[in-house]
Protein chains: 2
Amino acid sequence: MILRNQVEWALHCCSVLAGLPKGRYLSTKTLAEFHGIPKEYLSKALQAVSQAGLVEATLGPSGGYRLSKPASDITFLDIVEAVEGKARTFNCTNIRDNIPCRPAGFCDEKPCAIARVMWQADAAWRASLRAVSLADLKDMLKTDIPADQAKRSADWLLDRLG
Amino acid sequence: MILRNQVEWALHCCSVLAGLPKGRYLSTKTLAEFHGIPKEYLSKALQAVSQAGLVEATLGPSGGYRLSKPASDITFLDIVEAVEGKARTFNCTNIRDNIPCRPAGFCDEKPCAIARVMWQADAAWRASLRAVSLADLKDMLKTDIPADQAKRSADWLLDRLG
DNA sequence: GAGAGACTACTCGGATACAGTCTGTCCGAGTAAATCCGG
DNA sequence: CCGGATTTACTCGGACAGACTGTATCCGAGTAGTCTCTC
């Protein structure tokens with residue numbers, strides 16, 4: 001079980017969008033060029049994020065994406081779920097029902113104990129992702145990346161945004 | 001991202017094995033019949049659990065699997081990792097390296113901030129799974145399943161174990 | 001009757017096909033900007 | 001020179017192939033139990 005790399009791309013792109021001047025758009029083409037990844041495929045990841053309502057798009061020249069909410073209101077979980085879906089990582093098929101010496105409908109009362117444990121772990125994972133917003137990420141990056149590097153990247157992007 | 005159903009099968013089978021009289025074996029065929037799942041494919045899941053050293057197998061008539069450790073020493077995480085592998089759920093491909101305005105080898109110092117967040121969530125998930133052992137599961141089932149039902153299942157299995 | 005040897009039948013383990021999803025690509029609908037023309 | 005209609009070029013969005021992992025199945029190597037034969 002491994003997350004698809006669209007998740008990674010979506011996270012990096014949202015991180016970049018969070019650093020943009022308010023109201024400006026950045027196109028898929030520029031984002032793909034910036035990260036060195038295939039433009040057409042990245043487009044699909046951004047579509048998912050867009051459909052989840054985290055970013056909004058505009059068409060035409062100087063079009064692209066921008067965050068539709070403050071960076072502090074967008075969590076890692078939002079982005080991950082936008083790409084991967086909200087379904088739980090563990091799918092209980094209730095194979096208990098097939099046990100020959102049990103009456104039909106045995107599992108109706110209460111979810112399987114195994115599923116409960118797995119779902120609890122899933123909840124812990126999601127809670128951990130929900131605890132970090134794009135604003136938090138921005139702060140982390142501020143200490144990670146030297147100021148001159150950050151400025152160089154910002155300038156590179158500023159030259160290309162709409 | 002969703003766990004393969006082999007994980008579910010492995011967990012249920014280990015749960016059954018944990019309830020066996022000490023030293024007795026239970027065959028894949030019986031386990032598959034008990035759960036109503038394809039025998040040949042279940043075999044692959046049990047192979048993985050066996051290779052991880054959680055259960056041990058014996059051949060011949062009345063052969064099969066049994067736990068190789070006390071139930072309290074086998075955690076959900078052990079079983080999940082046996083089937084899914086120990087790799088982290090988030091794979092950082094360091095696309096930062098491709099950013100055009102950065103020198104090569106920029107990512108060598110420290111893992112990506114995004115990866116750190118994702119890995120932390122992964123760690124939370126694993127910690128939650130590590131906290132529950134098969135012995136704990138047995139206790140949960142004791143309150144879930146009526147005594148007569150449990151006995152009927154046990155008898156059904158007792159008739160068929162080696 | 002007891003013990004040793006051969007046989008049988010059942011087990012696990014790895015090697016082999018099929019399917020579904022993830023990855024990657026393409027083209028069309030739609031729009032904001034730029035251009036051109038008339039006043 | 002200014003305003004509006006037109007053209008243009010660029011964007012997103014969904015529809016379309018290829019590759020890889022997950023699913024399902026098969027058959028062979030090996031062993032515990034059983035049976036038989038001999039003592």
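Numbered from 1 within each chain, the chains take letters A, B, ... in sequence-line order. Atoms considered below: every heavy atom in the structure, side chains included; atoms not considered: hydrogens, waters and symmetry mates.
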### Task
Write down the distance between NZ (B:Lys29) and P (D:dC26), rounded to a whole number of angstrom.
15 Å
### Message
Less than 4.0 angstrom from a charged side-chain N to a carboxylate O is my criterion; do A:Asp144 and B:Arg96 meet it?
### Response
no
### Message
Quick check: do B:Leu3 and B:Val83 have side-chain heavy atoms less than 4.5 Å from each other?
### Response
no
### Message
If I take atom CD in residue A:Glu40 and atom P in nucleotide D:dG13, what distance separates them, rounded to the nearest angstrom?
### Response
13 Å
### Summary
Between CG of A:Leu42 and C1' of D:dG13 the distance, given in whole Å, is 14 Å
### Query
Between B:Glu33 and B:Lys39, is there a side-chain N and carboxylate O pair less than 4.0 Å apart?
no
### Summary
Whole-Å distance, B:Lys39 NZ to D:dC26 C1', equals 10 Å
### Task
Rounded off to whole Å, could you give me the CG-to-C1' distance for the B:Leu3 and D:dT23 pair?
15 Å
### Query
Which pair of heavy atoms, one from B:Tyr65 and one from B:Ser50, lies closest together, and at what distance?
CE2-CB, 4.0 Å
### Task
May I ask you to establish whether A:Arg152 and A:Trp156 are in a cation-pi arrangement, using a distance under 6.0 Å from NZ or CZ to the six-membered ring centre and at most 45° from the ring axis?
no
### Query
Toward the 5' end of DNA chain D, which comes first, B:Pro38 or B:Pro61, by nearest nucleotide?
B:Pro38
### Query
Would you say D:dG14 has OP1 or OP2 under 4.0 Å from some side-chain N or O of A:Gln51?
yes
#### Entry: First and last nucleotide of DNA chain C, 5' to 3', lying under 4.0 Å from heavy atoms of chain A
C:dC22 to C:dA33
### Query
Out of curiosity, A:Tyr41 OH to A:Lys44 NZ, how far, rounded to the nearest 0.5 Å?
6.5 Å
### Query
Between B:Gln47 (CD) and D:dG30 (C1'), how many Å, whole number?
14 Å
### Query
Could you give the CD1-to-C1' distance, from B:Ile37 to D:dT23, as a whole number of Å?
13 Å
## Note on the structure
Judged by nearest nucleotide, the residue sitting upstream toward the 5' end of DNA chain C, A:Trp9 or A:Thr58, is A:Trp9
### Task
Of all the heavy-atom pairs spanning B:Tyr25 and B:Gly64, show the shortest one and how long it is.
CD2-O, 3.3 Å
### Summary
Among D:dA24, D:dC10, D:dG13, the one nearest any side-chain atom of B:Tyr41 is D:dA24
#### Entry: Proximal nucleotide (of D:dA24, D:dG22, D:dC10) relative to the B:Arg4 side chain
D:dG22
### Query
For D:dG13, does OP1 or OP2 lie under 4.0 Å from any side-chain N or O of A:Ser43?
no
#### Entry: 5′-ward residue of the pair B:Ser27/B:Lys44 relative to DNA chain C
B:Ser27
